[in-house]
Amino acid sequence: MKKFSYYQYRVFESTGKDWSGWVYEIYSQDKVPELIRESDEWFDSQTQAGLAAIGHISLLENGEG
């Protein structure tokens with residue numbers, strides 16, 4: 001898992017019946033990390049998903065996510 005600000009996140013490739021792409025999950029930084037959010041969409045690349053996770057974390061910190 002990667003760390004950004006007060007959160008951790010992971011990016012991974014996911015596949016469904018008719019699609020495949022990159023998604024992210026955001027976790028707390030507790031000793032036992034708790035899943036806070038999952039991406040609502042999939043991305044074409046690992047980099048795009050990572051940047052989206054960082055953007056989502058920024059929104060969470062501003063009370064918008």
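Here, residue 1 is the first one in the sequence, and each next residue gets the next number.
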Undergrad: May I have all residue pairs that pass side-chain hydrogen bond (donor to acceptor under 3.5 Å, both in side chains) and include part of residues 39-53, sequence neighbours excluded?
TA: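 Passing the test, one end in residues 39-53: no pairs.
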
Undergrad: Kindly compute the distance separating OH (Tyr7) from CD1 (Ile36), expressed to the nearest 0.5 Å.
TA: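 Result: 5.0 Å between the selected atoms.
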
Undergrad: Indicate the atoms forming the closest heavy-atom contact of Ile26 with Ala53, along with that distance.
TA: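 Closest pair (atom of Ile26, atom of Ala53, distance): CD1-O, 4.0 Å.
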
Undergrad: Got Ile57 and Tyr6 here, is their nearest side-chain heavy-atom distance under 4.5 Å?
TA: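 No, side chains not in contact.
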
Undergrad: According to side-chain hydrogen bond (donor to acceptor under 3.5 Å, both in side chains), does anything in residues 23-33 pair up with another residue at least two apart or in another chain? List the pairs.
TA: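 Residue pairs passing side-chain hydrogen bond (donor to acceptor under 3.5 Å, both in side chains), neighbours aside: Arg10-Glu25, Tyr24-His56, Glu25-Tyr27, Ser28-Asp30.
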
Undergrad: State, to 0.1 Å, how close Ala52 and Phe43 come at their nearest heavy-atom pair, and which atoms those are.
TA: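 Smallest interatomic distance, heavy atoms only, reads CB-CZ, 3.4 Å.
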
